Structure formats: structure tokens, C-alpha cells
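A short write-up of the structure that comes next.
Since the model is a prediction, treat every value here as computed from it, not as a measurement.
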Amino acid sequence: MELTKEEKIVLISMVTDCLGVEALIELCGKETVSKLDVLSIDMVGNSTTPNKMNEIGPSVVKKLVNSILDDELPTRLEGSE
């Protein structure tokens, strides 16, 4: 499964909302978080409307879930034979 840049940024934003900016800074470093912030602002300012951003969140979660299940189900089916 390949995520677009927009999907990756929205996913990181969702995780940041859960963990907090301080945790992300501790994990990745202040400079990295600053760069991500600039990318997010640029994405929203240039190409992605707020409505599109709101659609990306649930879409990327569904994409991740489906990817996990696609990876897992064939393995379980093979093991049941």
C-alpha cells in the first residue's frame, strides 16, 4: 500500500492530535516537526481545501485497515488448510 504525501501528512496530524506535539517533538526532533508543519501549511494553502483534508482522514484510515486485512487474511486462509 502506498500513501500519497497528503495522506501521510493527514495521518501524522491525526497521530499528533492523539499524542500531542511535545511527544512528536521528542520522538522526531523539533527541526523535523517544524519541517512537517511547513509542509502541512503549504499543502493546505496551495492544493488542498479543508473539505478535502477532512475526507482524507477517514479515507487513509480505511486504506490502512484494508491493507492490514489484505496482508493478514491470505496468511490465515493458507494456515487453515
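The CG atom of D71 sits 4.5 Å away from atom OG of S67, with the distance rounded to the nearest 0.5 Å. Atom CD1 of I9 and atom CE of M14 lie 14.0 Å apart (nearest 0.5 Å).
Residues satisfying the side-chain contact (heavy atoms from CB on, under 4.5 Å) criterion with L11, sequence neighbours excluded, are L3, V60, L64.
Under a hydrophobic-cluster definition in which Ile, Leu, Val, Met, Phe, Trp and Tyr are linked whenever side-chain heavy atoms come within less than 4.5 Å, directly or via other members, I12 and V21 are assigned to the same cluster. In this structure, I56 is a member of the same hydrophobic cluster as V61, with clusters built from ILVMFWY side-chain heavy atoms closer than 4.5 Å.
When hydrophobic side chains of Ile, Leu, Val, Met, Phe, Trp and Tyr are connected at separations under 4.5 Å, I41 ends up as a singleton with no cluster partners.
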Enumerate donor-acceptor pairs with a distance under 3.5 Å from any side-chain N or O in residues 24-40 to protein atoms, sequence neighbours excluded.
residue: E31; atom: OE2; partner: K35; partner atom: NZ; Å: 3.4
residue: T32; atom: OG1; partner: C28; partner atom: O; Å: 3.3
residue: S34; atom: OG; partner: K30; partner atom: O; Å: 3.1
residue: S40; atom: OG; partner: L36; partner atom: O; Å: 3.0

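Pairs engaging residues 54-63 under the side chain to side chain donor-acceptor pair (under 3.5 Å) rule: E7-K63 [sequence neighbours left out].
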